[in-house]
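Excluded from the calculations below are hydrogen atoms, water molecules and symmetry mates; all remaining heavy atoms, backbone and side chain alike, are included. Every chain is numbered from 1, with letters handed out A, B, ... down the list of sequences.
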Amino acid sequence: MTDRGAAATRTGYDAVAIERKWQARWEADGLYAAHEDPSKPKWYALVMFPYPSAAHTHVGHWYNYCPADAHARFMRMRGYNVMFPFGFDAFGLPAENYAIKAGIHPHVSTMQNIETMRRQVRSMGASFDWSREVVSAEPGYYKWTQWLFLQLYKNGLAYKAKASVNWCPNDNTVLANEQVVDGRCERCGAEVVRRELEQWFFRITKYADELLDFSKIQWPEKIELMQRNWIGRSEGAEIRFEAQDGSPIPVFTTRPDTVYGATFMVLAPEHPLVEKLTAPERRADVAAYVDRARRATEIERLSTEREKTGVPIGADAINPYSGERIPIWIADYVLGTYGSGAVMGVPAHDQRDFEFAKKYGLDIKVVIAAPGWRGEELTEAWTAPGTMVSSGPFDGTPSEDGKKRVVAYGEERGFAKATVNYRLRDWLVSRQRYWGAPIPIVYCPQHGEQPVPEDQLPVLLPEDAEFVPTGESPLLRHEGFLNAMCPVCSGPARRETDTMDTFVDSSWYFLRYCSPEDARRAWDPEDVRYWMPVDQYMGGAEHAVLHLLYSRFFVKALRDIGLLGFDEPFVRLYNQGMITAGGAKMSKSKGNTVEPEDYVSTVGADVFRAYLMFLGPWDQGADWSDEGISGPVRFARRVWTLVTESGVRLGAPPAEGSATPTERELRALTHRTIQGVTDDLERFRFNTMISKLMIFAGDLVERGEAARGTAAWTEAIRSLVLLLAPAMPCLAEELWERIGGPYSVHQQSWPTYDAALTAVATATVAVQVDGKLRDKLEVPAGADQDAVVTQALRSERVSRTIGDRSVAKVIYVPGRLLNVVTKG
RNA sequence: GCGCGAGUGGCGUAACGGCAGCCGCGUCAGACUUAGGAUCUGAUGCCCGAGAGGGCGUGGGGGUUCGAAUCCCCCCUCGCGCACCA
């Protein structure tokens, strides 16, 4: 790989020079700039815009963009008006943390990183439309992020509320639920603690049900499932228990049929009634428990291994169905953030309650009889259906019917109602950091919370902020930013200093791509109507319940506000797998990164692209290995020599076509390859596409001399170059020029195949005896069964195997296989 | 624990229920060469056999079928996701 020059002189294929030349030419010509054109079907292809913190592109980016580009190029050649834009998700924490550490302003470091990444991404030779580039940290972009915030605000979809939130003590900011992974900060890994803070939220829960509807999109099942689980819809009932002092304590349950089996009640330690209901003699214990629960990290609290703990508060609750008094406990296995923060403890029919009851000696009352149950003591909770017993008027009812009947009974009497609960929480968008879009709100002593008037947008981030590690946003100490004017009374007001979660920026970037230059609007409705929704989105699965969920919410919210006329942002989604090194994630700290630039400057981007595609199925990802790249290297040289020495001149008058067997065979080969490559591209099977191109090139090298100069030969060479264009765009362009094709190969029509021509003259039929392969026969295409059987029985190997047994049955798969079944 | 997905040569992988191992890497042998880390040709799943040929073989065990890597059941291993959501 160090002797690129030497290899180039030997074969004439100088990848680096060719790539530099054509990439510059395409850029100068604006070859991939998309324009609205109603005469063509549109195709909006999209890759997730990258986060410019790493300062350079890594193989992961390439693994995402190169196959995506191949597909976009394929669609373009198939006659679609393709938009394939690119941009940068430029706000975010790492840039600010870097500023604190290194003293470089986030704006400066971010723009430097973007500069580097832009250069590297361009070196891929991808067909991105750079004229549409967006950078989310530029005022021209975040002005509209702020504007969209105001639209949500004015429509009741953005609100401020005090809540128990996730706080990352290392990054000094709150986090959305989606950004907490296993109780740790998704970015820095610090253990997240809970804090009571007043924060801005987006009302995503309003769309919980619609977000569960995937009927309008074609996404991988896995992502659908992850979103479904995240939203966590469960149907059940709210049953209003009462404390002994009359305070209502509603509980949520999915098992109303077990209500007669409630033998205790559990409140979350942070439940608002704990303070009021605790008996004086229990106060000390309860306070100690609440305090311990508060200090426990999420990790400890969420651990399933951990034994359940709790303390009684010395008060009772009354079961509205049975009138029974049951003791109230607090325990941290009950979450304050789900349902009503209180549950009825039914140990006989819920495993968690069972464990809790066993530990603290609480009653276990069976109310759902398992088939064949004769009153034995349970060793674990019975959670499957059964027959209701010890349940007052419901005795004998099958538990599945009981669910509905128990709720109906309670509804009539006013202490129960059917409800649906979701795991999904509203999206917390406030961040106590500098490097994000400021939330466009001011606080006036007289008029309270006021939105910034739209004509005063953008609320600019001050450039002269100071970055010191105080744990507070630099905006809090910036007088010029902090002091604002109330839009109502023009009196002095204080500006909101929180900025927005970067996922807000990325929830609408695909809309901005449609009209990136529009200074008057977030987008031109005409452009959005033409381009949206995105036809094919391609990116990693790590955003399943983040960006991909938020963007769906955004589109639905903006649709309801009247700004958009469709329901889903991304019609089709494809998740590529991950590239690992030695089975582990690549990272600079591990020192196992692979630098695409090293390959671009030696074997060339085209070869690197082809290799990434050839590694294996795209959705499977791959473990990086340097070794195999010599395959695509040889392939590129082979194709180079084959085409440049083919003698084909596309401008020349077409050679006479004839029907010699050689030509017929060559045409069949060409058309079969076109068919296969087309099929592979449609199905994102880039690895088998490359394999088919290798086979085709190999066959042409072999048959070259025999078919040289014929029309079939010209067609074969021409097709090879066209089929190569999506995967290896620069090599294809150079070869296309050399065989006299008109600029650009990427503007040519994708070759079509003639099914009649893919047929072969003779077929190889595998002959089995009793399912075991014994011989292979060459038969004329279209030979009938009898003829094949006759020929097969003449075969020495076949007849020997059959011996003196008789033929019971034959199965014939035309042109492929014959199975002779014997008996005796 | 629950839910997805995957287990095929030394390695990456390929195979509408129909010839397992295509394509590529690597390895071995040869050709051209002063040379080869270039290029080209051939071989390359395992076992028996001098050979012809035969047997075995897609994580393990069972089943369906004329025929199973592929479909069904049980189990094992790995990866990913979720995980006290009442």
Side-chain angles (χ1 to χ4, degrees), chain A residues 1-3 6-7 9-11 181-182 220-226 228-230 232-234 236 251-255 258 266 268 301-306 308 331-335 337-346 349-353 355-356 421-424 541-542 544-545 577-578 580 583 610-611 614-617 619-635 637-638 641 685 687-696 698 701 764-776 797 800 808-813 816-822:
Chain A
M1 235 177 297
T2 49
D3 65 341
T9 46
R10 254 183 242 113
T11 62
V181 178
D182 292 335
E221 225 172 302
K222 190 183 153 197
I223 304 289
E224 275 191 33
L225 204 72
M226 284 169 75
R228 255 181 234 290
N229 290 341
W230 186 259
R233 182 181 201 274
S234 44
V251 301
F252 175 73
T253 179
T254 53
R255 293 295 303 276
T258 66
V266 191
R301 201 173 157 174
L302 287 175
S303 167
T304 343
E305 320 294 271
R306 179 166 165 248
K308 292 175 182 36
D332 66 3
Y333 79 90
V334 172
L335 308 170
T337 49
Y338 184 76
S340 60
V343 304
M344 58 182 200
V346 185
H349 307 295
D350 182 286
Q351 190 56 29
R352 295 156 298 184
D353 297 344
E355 284 161 22
F356 193 74
N421 244 301
Y422 300 93
R423 234 182 63 121
L424 182 71
E542 66 274 17
V545 295
M578 228 173 33
T580 54
Y611 182 51
F614 188 56
L615 277 173
D619 57 352
Q620 202 177 288
D623 197 56
W624 178 264
S625 152
D626 240 15
E627 306 252 300
I629 200 162
S630 29
V633 167
R634 286 173 195 149
F635 168 65
R637 288 180 191 155
R638 201 166 220 241
T641 310
R685 287 162 30 157
N687 56 328
T688 49
M689 165 187 78
I690 300 289
S691 161
K692 287 185 176 83
L693 291 171
M694 285 173 168
I695 295 168
F696 189 41
V701 169
T764 308
V765 172
V767 182
Q768 298 180 337
V769 177
D770 294 323
K772 279 196 172 294
L773 180 71
R774 293 299 168 184
D775 205 354
K776 291 179 186 187
R797 294 179 57 194
R800 176 155 34 94
K809 180 172 165 187
V810 250
I811 284 119
Y812 182 55
V813 183
R816 297 178 67 91
L817 177 135
L818 179 77
N819 189 8
V820 180
V821 185
T822 66

Establish, with yes or no, whether the OP1 or OP2 oxygen of [N] is under 4.0 angstrom from a side-chain nitrogen or oxygen of [X].
{"X": "R423(A)", "N": "A83(B)", "answer": "yes"}
{"X": "K222(A)", "N": "C4(B)", "answer": "no"}
{"X": "R797(A)", "N": "G54(B)", "answer": "yes"}
{"X": "R816(A)", "N": "G67(B)", "answer": "no"}
{"X": "R634(A)", "N": "G26(B)", "answer": "yes"}
{"X": "N687(A)", "N": "G12(B)", "answer": "no"}
{"X": "R637(A)", "N": "A38(B)", "answer": "no"}
{"X": "K772(A)", "N": "G18(B)", "answer": "no"}
{"X": "S630(A)", "N": "G24(B)", "answer": "no"}

Of the nucleotides [options], which one has an atom closest to the side chain of [X]?
{"X": "W230(A)", "options": "G55(B), C23(B), A83(B)", "result": "A83(B)"}
{"X": "V813(A)", "options": "A86(B), G18(B), G55(B)", "result": "G18(B)"}
{"X": "Y333(A)", "options": "U41(B), C19(B), C84(B)", "result": "C84(B)"}
{"X": "R774(A)", "options": "C84(B), G3(B), G55(B)", "result": "G55(B)"}
{"X": "V334(A)", "options": "C23(B), A86(B), G54(B)", "result": "A86(B)"}
{"X": "V343(A)", "options": "A86(B), G24(B), G3(B)", "result": "A86(B)"}
{"X": "L225(A)", "options": "C23(B), A20(B), C4(B)", "result": "C4(B)"}

Practice item. Answer whether the closest heavy-atom distance between the side chains of Q351(A) and E355(A) falls below 4.5 Å. Key: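 The answer is yes; the side chains approach within 4.5 Å.
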Partner nucleotide of [N] by Watson-Crick or wobble geometry (both distances under 3.5 Å):
{"N": "U65(B)", "result": "none"}
{"N": "C19(B)", "result": "none"}
{"N": "A50(B)", "result": "none"}
{"N": "C25(B)", "result": "G10(B)"}
{"N": "C4(B)", "result": "G79(B)"}
{"N": "C40(B)", "result": "G30(B)"}

Check your understanding: How long is the gap from OG1 on T688(A) to CG on L693(A), to the nearest 0.5 Å?
Key ->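 Atom-to-atom, T688(A):OG1 and L693(A):CG are 10.0 Å apart.
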Pairwise [atom1] distance, [M] and [N] [rounded to whole Å]:
{"N": "G59(B)", "M": "C11(B)", "atom1": "P", "answer": "13 Å"}
{"N": "U77(B)", "M": "G60(B)", "atom1": "P", "answer": "15 Å"}
{"N": "G9(B)", "M": "C25(B)", "atom1": "C1'", "answer": "13 Å"}
{"N": "C84(B)", "M": "G10(B)", "atom1": "C1'", "answer": "47 Å"}
{"N": "U70(B)", "M": "U8(B)", "atom1": "C1'", "answer": "12 Å"}
{"N": "A52(B)", "M": "A68(B)", "atom1": "C1'", "answer": "31 Å"}
{"N": "C66(B)", "M": "G12(B)", "atom1": "P", "answer": "36 Å"}
{"N": "G7(B)", "M": "A69(B)", "atom1": "C1'", "answer": "11 Å"}

Review point. Taking the inter-plane angle between the rings of Y338(A) and F252(A) on a 0 to 90° scale, is it parallel (under 30°), tilted (30 to 60°) or perpendicular (over 60°)?
Key: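 Ring orientation of Y338(A) relative to F252(A): perpendicular.
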Value in whole Å for how far the [atom2] atom of [N] lies from [atom1] of [X]:
{"X": "D353(A)", "N": "A86(B)", "atom1": "CG", "atom2": "P", "value": "12 Å"}
{"X": "L335(A)", "N": "A86(B)", "atom1": "CG", "atom2": "P", "value": "10 Å"}
{"X": "N229(A)", "N": "G81(B)", "atom1": "CG", "atom2": "P", "value": "13 Å"}
{"X": "D775(A)", "N": "A52(B)", "atom1": "CG", "atom2": "P", "value": "15 Å"}
{"X": "D770(A)", "N": "C19(B)", "atom1": "CG", "atom2": "P", "value": "17 Å"}
{"X": "Y611(A)", "N": "C23(B)", "atom1": "OH", "atom2": "C1'", "value": "13 Å"}
{"X": "M578(A)", "N": "G12(B)", "atom1": "CE", "atom2": "C1'", "value": "17 Å"}

Review point. Can T822(A) and D770(A) be counted as having a side-chain donor-acceptor contact under 3.5 angstrom?
Key: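 Their side chains do contain a donor-acceptor pair, which is all the 3.5 Å distance test asks for.
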Check your understanding: Will you find, in the side chains of Y611(A) and D626(A), an N or O donor that is under 3.5 Å from an N or O acceptor?
Key ->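 Judged by distance alone, the side chains do not pair up.
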Practice item. For N819(A) and G771(A), indicate whether the former's side chain and the latter's backbone hold a donor-acceptor pair under 3.5 Å. Key: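 Flag set: sc N819(A) to bb G771(A) pair under 3.5 Å.
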Review point. So, R774(A) side chain and R797(A) main chain: donor-acceptor pair closer than 3.5 Å or not?
Key: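 No; judged by distance alone, with no hydrogens or angles, the pair does not exist.
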Review point. Checking only heavy atoms, does the side chain of K308(A) share a donor-acceptor pair with the base of C84(B) at less than 3.5 Å?
Key: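 Such a pair is found, so the answer is yes.
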Review point. What are the two closest non-hydrogen atoms of H349(A) and T258(A), and how far apart are they?
Key: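 Where H349(A) meets T258(A) most closely, the heavy atoms are CB-CG2, 3.9 Å.
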Point to revise | Shortest non-hydrogen contact from S234(A) toward T254(A) | key: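 In terms of heavy atoms, the two residues are closest at CB-CG2, 4.0 Å.
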Check every strand shown and say whether [X] touches a base, only sugar-phosphate, or nothing at a heavy-atom separation below 4.0 Å.
{"X": "R685(A)", "answer": "sugar-phosphate"}
{"X": "R228(A)", "answer": "nothing"}
{"X": "V821(A)", "answer": "sugar-phosphate"}
{"X": "Q768(A)", "answer": "base"}
{"X": "N819(A)", "answer": "base"}
{"X": "I811(A)", "answer": "base"}
{"X": "T254(A)", "answer": "sugar-phosphate"}

Exercise for review: Select from L615(A) and V765(A) the residue whose nearest nucleotide in RNA chain B is closer to the 5' end of that strand.
Suggested key: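 So the residue in question is L615(A).
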Point to revise | V633(A) or P617(A), whichever maps to the more 5' nucleotide of RNA chain B | key: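 The residue whose closest nucleotide sits nearer the 5' end is P617(A).
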Point to revise | N-glycosidic conformation, G9(B) - syn within 90 degrees of 0, else anti | key: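 Base orientation relative to the sugar is syn.
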